[in-house]
Structures are given as structure tokens and as C-alpha cells.
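The structure under discussion appears below in the form of C-alpha cells.
Just so you know, these numbers come straight off a predicted model, no measurement behind them.
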Amino acid sequence: MVASSVELSTLKHNFTTNLAKPALDFTPNFAVLHLTQGCKRSELAGLEAGRKIEDIITGAAWSGASSFKLKAGAKADDFEYGYSQTALFGTFFATYAGEKPALGSISVELGLDATTLPDGSTTHRPWSAPDALAREKRAADGTITCPQQDHPNLVFPLTMINKNPDFKGSNAIKNYLHSVKYVLSFHALLCERKKTGHDLEPIAGLRWATTWNFSLKYRQGKPTIVQNASSRSFDTIVSGPSLNTDEALALPKISGPLFNPEVNARLKQAFRDDTSTLKRYDSTWFLSIPKDFFT
């Protein structure tokens, strides 16, 4: 159901999405998944010195805005407008392997497959923008403009120590990233909310998705991408968007887990907790590891 205060004939959208392309970059200790546009790739090495990824990925991979006017008689001061977003965590699965079969392999998951969460600002939920000034702009002629942008990314270890019991606690059993698949689907939603309430009324929606899917080999100890099956898609933005059951439950939440903090918490659990059930340690190579993986 479209918000009744918006005059749909005035609704306009202007988004630039073609520059967002899934990419995998490396530092000596980290693998970085991102969408190229807005990432200072030459500065990723700063992660080794403790820089945060949000200081390096400072621009939007895709961005734009929607603008509209209200119907005659609608009181603009009674409403808030802006973008909110839901995120469907499709999957994360990474494999690691030693320099030779006898040094084992590791698989890592995050345990969030098929989970839909609100994906917005931690300080201004349920909106995507960090504050009201960034969320909506009102012109003298009554036009309301709401921007939206995003740049999902993930930083995780390039190598791991294999803790399989057969290796008797040795810290010398290093395994190297062999493959990673990370799938996300989003629904960016232009919404109206009464200032006296909490319910969000979707006006328009843009579905988009990205898949990072890479396989690696190592030559002289350095990672080389040998297969890139990554993709990204942006559907046409539609008025009166339909939400599935999980999206309808996630969209208006003003408390509980948010997408980014939840993913970061699972990353720490999976990669830092040696006893985590999100990891599997094997004493030999998985069948998927090619014979020339490390030369």
C-alpha cells in the first residue's frame, strides 16, 4: 500500500549503479570484499596498521535520490521521509588449505544463511541515513528529496592456523584462503512515517543484490585469483513495493540486531574463537583443492 500523502505522479528517481562491481583485494594478512567504486584500494594496506575499513571505503558504490511532492492538503510537518533497507544474508562460505595436503584444510561459515535483518543506521534506526539532515531535504517549492547509497564490504583473514587435533596444537600449520562465496540481497525502501508513530509505509522500493565468488591459487606464496564468478544486480525501482514476510517483520524494527553489527559479531566468533562450531578443521585437503593450489 502506497503512502497516501505522496503524489505519485511527482515521484522521480535518479540512481547511478553501474560502477558497483564485486572485487576481492588482499593485504599481507587480510582479504577484502568490496564493490570497487568508493574504495581507496591503494590504502587497503593501512588495515595492517589498524586502520578501520570504514576509513578506507569512504564513498558509495552506488548512490542516488528520490524526490516527490505531497498531495494537496497533506501536512508535510506531520511526516518523516527517507530510505530504510532490509538485508537478506544469503550465505558466506570460505575454504582454506595448507601448502600441501598433509597440512590440512579449513571451512568457515557465519551461521546466518537465509536470515533477513534491518540494515540501517545504528544511531538513527530504522532509517539508513545517520541523521535527519542526511535523510531528507525539503525545498521551498514543496519538493522532498531523499538520498540513498550503500557499499557493503567484508574484511576477514587471508590465512588461518589449522587447529585439527592431529596437528597437536602446532601454530605452524598455516592454511591459505582458497575460495570465498558471499551472497547478499537487499531491498532499499523509500518510506513515510508519521511523527507520532513508529510504522513505516513503503512508497517505492529497489531490490538489488551482490555475490562475491572467487577461487584462488598461490604462486611464489602470493594469492592469485583464478576464478571470478561474482555478480551484482539492480532491479527497476517500483512504486508500492511488495514486501515478503521476513522483510515486513524486519523493516520497522527499532530495537534488536542490525545487519552490519550482527555480521561483524559472527565474523569474530567464526575466526577468533578456536572452538567455534562455525569452523571445520580437516587434517588433509578437501576434494575441492586443486593439486597445483600452492606452487
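Proximity of the aromatic rings of F15 and F234 is defined here by a centroid distance below 6.0 angstrom, and this criterion is not met.
Considering only heavy atoms from C-beta on, D113 stays 4.5 Å or farther from V183 through its side chain. Within the 4.5 Å cutoff, the side chain of P126 has no heavy atoms near those of the K253 side chain. Looking at L24 and L216, their side chains come closer than 4.5 Å, going by heavy atoms from C-beta outward. Within the 4.5 Å cutoff, side-chain heavy atoms of I225 are placed close to those of F26. No side-chain heavy atom of I144 sits under 4.5 Å from any side-chain heavy atom of F79. The closest side-chain heavy-atom distance from L11 to I203 is below 4.5 Å. Taking 4.5 Å as the limit, some side-chain heavy atom of L154 sits within range of a side-chain heavy atom of Y182. For the pair L35/P152, a side-chain contact is recorded, criterion being any heavy-atom separation below 4.5 Å from C-beta on.
Each of F93, Y96, W212, F92 was checked for a ring-ring contact (aromatic ring centres under 6.0 Å, His included) with F156, and the lone residue meeting it is F92. Tested against T116 for a side-chain contact (heavy atoms from CB on, under 4.5 Å), the candidates T245, L88, L249 yield a single pass: L88.
Between L19 and Q37, the shortest heavy-atom contact is O-CB, 3.6 Å. Closest approach of T236 and L206 over heavy atoms only: C-CD1, 4.5 Å. Of all non-hydrogen atoms in R41 and A23, the two that sit nearest each other are NH2-CB, 3.9 Å. Here the shortest heavy-atom pairing between A188 and Q85 reads CB-OE1, 3.5 Å. Closest heavy-atom contact between V108 and F271: CG1-CZ, 3.7 Å. Scanning all heavy atoms of the two residues, the minimum distance from P241 to P202 falls at CG-CB, 3.8 Å.
When hydrophobic clusters are built by joining Ile, Leu, Val, Met, Phe, Trp and Tyr residues whose side-chain heavy atoms come closer than 4.5 Å, directly or via intermediates, L158 is not grouped with I161.
Between H13 and S66, the side chains place a donor N or O and an acceptor N or O closer than 3.5 Å (distance only, hydrogens not considered). N29 and T27 form no side-chain donor-acceptor contact under 3.5 Å, judged by distance and modelled atom types alone. A donor and an acceptor atom, one from each side chain of T95 and S179, are located under 3.5 Å apart. The closest side-chain donor-acceptor pair between T143 and D141 falls under 3.5 angstrom.
Surrounding CD of E54 are more than 12 heavy atoms belonging to other residues, nucleotides or ligands, all under 6.0 Å away. The number of heavy atoms from other shown groups lying within 6.0 Å of NZ (K217) is above 12.
Judged as a salt bridge (Lys or Arg N to Asp or Glu O under 4.0 Å), the pairs with a partner in residues 224-251 (not counting sequence neighbours) are, in order, R207-E247. Within the structure, side chain to side chain donor-acceptor pair (under 3.5 Å) pairs that include any residue of residues 153-164 comprise N162-N175, K163-N171 (at least two apart or interchain).
For D78 and R193, the salt-bridge test fails: no basic side-chain N is under 4.0 Å from an acidic carboxylate O. Taking the charged nitrogens against the carboxylate oxygens, E136 and R138 do have a contact shorter than 4.0 Å, which makes a salt bridge. Between K194 and E201 there is no salt bridge, since none of the side-chain N atoms of the basic residue sits less than 4.0 Å from a carboxylate O of the acidic one. The pair D282-R280 meets the salt-bridge criterion, since a charged nitrogen lies less than 4.0 angstrom from a carboxylate oxygen. The existence of a salt bridge linking E109 and R266 is excluded, since no basic side-chain nitrogen approaches an acidic carboxylate oxygen closer than 4.0 Å.
Here S67 contributes atom OG and K137 contributes atom NZ; the two are 12.5 Å apart, rounded to the nearest 0.5 Å. If you take NE2 on H178 and CH2 on W285, they are separated by 9.0 Å, rounding to the nearest 0.5 Å.
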### Query
Passes side-chain contact (heavy atoms from CB on, under 4.5 Å), F30 versus E48? Steps please.
CA-CA 8 Å; F30 297 106; E48 299 291 331; 3.5 Å; yes

### Message
ring pair (Phe, Tyr, Trp, His ring centres under 6.0 Å) for Y81 and F68? Distances and angles first, verdict last.
### Response
CA-CA 10 Å; Y81 296 93; F68 53 90; 5.1 Å; yes

### Task
Starting from the C-alpha separation in whole Å, work towards a yes-or-no answer on side-chain contact (heavy atoms from CB on, under 4.5 Å) for S170 and K168.
CA-CA 6 Å; S170 172; K168 304 183 186 306; 6.0 Å; no

### Message
The test is side-chain contact (heavy atoms from CB on, under 4.5 Å); show your working for Q149 and H151 and say whether it passes.
### Response
CA-CA 7 Å; Q149 63 180 39; H151 193 151; over 6 Å; no

### Message
For L70 and E7: C-alpha separation, side-chain torsions, deciding distance, then whether side-chain contact (heavy atoms from CB on, under 4.5 Å) applies.
### Response
CA-CA 5 Å; L70 303 186; E7 180 55 66; over 6 Å; no

### Task
Mind running salt bridge (Lys or Arg N to Asp or Glu O under 4.0 Å) on D119 and R125 for me, showing each step along the way?
CA-CA 9 Å; D119 179 27; R125 61 190 305 172; over 6 Å; no

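Ring orientation note: the planes of F89 and F259 are tilted relative to one another, at an angle of 30° to 60°.
For the pair S230 (side chain) and P22 (backbone), a donor-acceptor distance under 3.5 Å is absent. A donor-acceptor pair under 3.5 Å links the side-chain atoms of N264 to the main chain of N260, judged by distance alone.
Under a 4.5 Å side-chain heavy-atom criterion applied to ILVMFWY residues, the cluster that includes L251 comprises W127, L189, L200, L243 as well.
Under the rule for a ring pair (Phe, Tyr, Trp, His ring centres under 6.0 Å), H34 has no partner lying at least two apart in sequence or in another chain. Among residues two or more places apart in sequence or in another chain, the side-chain contact (heavy atoms from CB on, under 4.5 Å) test is passed with A45 by none.
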Under 3.5 Å, which donor-acceptor pairs do the side chains of residues 97-107 form with other protein atoms, sequence neighbours left out?
| from | atom 1 | to | atom 2 | distance (Å) |
| --- | --- | --- | --- | --- |
| E99 | OE2 | Y176 | OH | 3.1 |
| S105 | OG | T284 | O | 2.7 |
| S105 | OG | F286 | N | 3.1 |

